[in-house]
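A quick write-up on the structure given underneath.
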There are 2 protein chains.
Amino acid sequence: MDDTRRRLLMAAGEVFARRGYRDATVREICSLAGANLAAVNYHFGDKKGLYHAVIAGGHETGEALPKDQAALVAAPREALRVFCVAFAKKILSEAKPEWHGKLMAREMAEPTEALDEMVRTMIRPHWEALSGIVGRVLGEAAEPERVRQCTQSVISQLVFLSHARPVLNRLFPGDDWSVRSAAARGEAIAAFSLAALDGVRDAAGSKSEGGGECSASR
Amino acid sequence: MDDTRRRLLMAAGEVFARRGYRDATVREICSLAGANLAAVNYHFGDKKGLYHAVIAGGHETGEALPKDQAALVAAPREALRVFCVAFAKKILSEAKPEWHGKLMAREMAEPTEALDEMVRTMIRPHWEALSGIVGRVLGEAAEPERVRQCTQSVISQLVFLSHARPVLNRLFPGDDWSVRSAAARGEAIAAFSLAALDGVRDAAGSKSEGGGECSASR
DNA sequence: ATGCGTTTCAAACAGATGTTTGAATCGAGT
DNA sequence: ACTCGATTCAAACATCTGTTTGAAACGCAT
């Protein structure tokens, strides 16, 4: 039966997320899956094939994707808040089938060939969903370049939570990383970002015509 | 002479920044340095020793550190702008002795034992410098927890530039990453962040007493 | 029970990589 | 010219790791 195949996928997701593609060994994966060393080559061809299978099959999420949760909300400001909270909860989740967020964070820093597919299937859809929300919050100030920069600013704060966690743990050792706390972090980022978008919109509104950049210093 | 030692440090910095600690091979480093394979073990004990030497000796920066550039500016808002621009330029610099930013970004995502020293000597000082600036911008709204969250939001946007560059290159293939463009990105982040800080300060001011979180939705 | 395709297993293989070794080379002090 | 410590070099070594292999075990239709 292909029970071995499923156990292999689970174990691989866990190990890849914890160690990264390079440092993960097929021996550890097989051992964790209770499978023989040759199983990965039999079922997936090679280590790379297993990795791609993990990436491709990472859509069995418990909760709905952040972009889908946010799409249910009509009001732009509330949609941004929902998006941020859902995103923070997802990437900070420690639950078993939730290593997909960690895998994505790893791919961003040290890309393999799998990054292209990841950008196509997960990252770009989320980027564009958030971009639409940001554009609606900006209203008539929503010039393409400004929307792009602001979208990037919002997403960077969210990604940072998972990316810089080793550093944050050292800077603030007592921090709480529970799901409840993850939601609070998402709220804070949403509040910060909404304040920024308001300011950017108003600054662009006072100047009838904004050039390439909009540095409203002082 | 210890010319070999210096060449080894230069080559190691470049290779470690490009490949990461694990994927960097002493053979490539020695080849790039024009040194014998055994040189790294003779001069630094082992690969790990070489890596630590690179980390420790990474302070020979061309330009002044962002925190020091910002410290010269009295006005908080302008200091924040200077900090962001200097930071963006530093981490996006492709210049030879400037792989330190990349090394830091790598350590954040996949920490080795060297991260502790890095946090102590580089990250925490910058964090606290920026935290001071953010506190001054926030004025009387500068409660510790709020300052911490806002500082994190600012720094995350900056770090994202180097961390997510592979993704950004795929999302926006035509992007310019020159030094001039790096400065513009720093300006944009500063503008976004200043607008956010203004909004957060005003929102905190209107409510005489702010609780744990300050989600000013709608 | 028999035969056959599928799956599992232990063992070995092959390549990469960090490290060590012992000789050779160099450079300065006498 | 000689000596001695420091440095460099080519080669070998040891280990880790992905992959292959051929046999054994299994499931199942006949």
Side-chain angles (χ1 to χ4, degrees), chain A residues 1-57 99 102-103 106-107 109-115 117, chain B residues 1-57 99 102-103 106-107 109-115 117:
Chain A
M1 42 183 144
D2 66 341
D3 184 49
T4 309
R5 187 188 167 91
R6 198 166 32 78
R7 272 182 293 126
L8 230 34
L9 276 172
M10 288 294 157
E14 189 175 330
V15 175
F16 280 138
R18 181 169 51 223
R19 308 235 190 260
Y21 176 78
R22 182 59 199 274
D23 279 9
T25 71
V26 301
R27 279 174 172 80
E28 179 177 3
I29 293 170
C30 290
S31 162
L32 184 62
N36 183 272
L37 178 59
V40 51
N41 300 74
Y42 177 80
H43 287 282
F44 300 95
D46 54 6
K47 183 184 178 185
K48 197 184 301 181
L50 173 59
Y51 186 67
H52 276 87
V54 169
I55 298 288
W99 27 255
K102 285 188 184 175
L103 277 187
R106 280 198 181 278
E107 273 294 319
E110 308 208 30
T112 72
E113 307 136 7
L115 180 57
E117 187 189 356
Chain B
M1 44 184 141
D2 67 340
D3 183 50
T4 309
R5 188 189 166 91
R6 198 165 32 80
R7 271 181 295 127
L8 230 34
L9 277 172
M10 289 295 157
E14 190 175 330
V15 176
F16 279 137
R18 181 169 50 222
R19 308 235 189 260
Y21 175 78
R22 181 59 199 275
D23 280 8
T25 72
V26 301
R27 279 175 173 79
E28 179 179 2
I29 292 171
C30 289
S31 160
L32 183 61
N36 184 270
L37 179 59
V40 49
N41 299 76
Y42 178 79
H43 285 284
F44 300 95
D46 55 6
K47 183 185 178 184
K48 197 184 301 179
L50 173 59
Y51 186 67
H52 275 87
V54 169
I55 299 288
W99 25 257
K102 285 189 183 174
L103 277 186
R106 280 197 182 279
E107 272 295 319
E110 308 208 30
T112 71
E113 307 137 5
L115 180 57
E117 188 189 356

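The chains referred to below are lettered A, B, ... by the order of the sequence lines, with proteins before strands, and numbering in each begins at 1.
- Remark on DNA chain C: of its neighbouring residues Leu37(A) and Leu37(B), the 5'-side contact belongs to Leu37(A), judged by nearest-heavy-atom nucleotide.
- Asn36(A) has no side-chain polar atom (N or O) that falls below the 4.0 Å cut-off from OP1 or OP2 of dT7(C).
- Residue Thr4(B) holds its OG1 atom at 11.0 Å from CG of Leu9(B), rounded to the nearest 0.5 Å.
- Distance Asp46(B) CG to dT20(C) P: 8 Å, rounded to the nearest Å.
- Every salt bridge (Lys or Arg N to Asp or Glu O under 4.0 Å) that Glu28(B) has, sequence neighbours left out, goes to Arg18(B), Arg19(B).
- Following rounding to the nearest Å, Arg27(B) (CZ) and dG18(C) (P) show an atom-to-atom distance of 7 Å.
- When each of dA10(C), dT19(C), dT20(C) is scored by its nearest atom to the side-chain atoms of Val26(B), the top-ranked nucleotide is dT19(C).
- Whole-Å rounding puts the Lys47(B) NZ to dC16(D) P distance at 15 Å.
- When the P atom of dT17(C) is taken as reference, atom CG of Asp23(A) falls 13 Å away, rounded to whole Å.
- Taking only side-chain nitrogens and oxygens, Thr4(B) comes nearer than 4.0 Å to OP1 or OP2 of dT8(D).
- At whole-Å resolution of the value, NE2 in His43(B) and C1' in dT8(D) are 8 Å apart.
- Rounded to an integer number of Å, the gap from OH of Tyr51(B) to P of dG18(C) is 14 Å.
- In this structure, CG of Leu50(A) is placed 11 Å from P of dG18(D), rounded to the nearest angstrom.
- Atom CZ of Arg106(A) sits about 12.0 Å away from atom OG1 of Thr112(A), to the nearest 0.5 Å.
- Checking dT20(C), dT21(D), dT8(D) against every side-chain atom of Ala38(B), the shortest atom distance belongs to dT20(C).
- When rounded to the nearest whole Å, the span between CG of Asn41(A) and C1' of dT19(D) equals 5 Å.
- Taking the ring axis of Phe16(B) as reference, the NZ or CZ atom of Lys47(B) does not stay both within 45° of it and closer than 6.0 Å to the ring centre.
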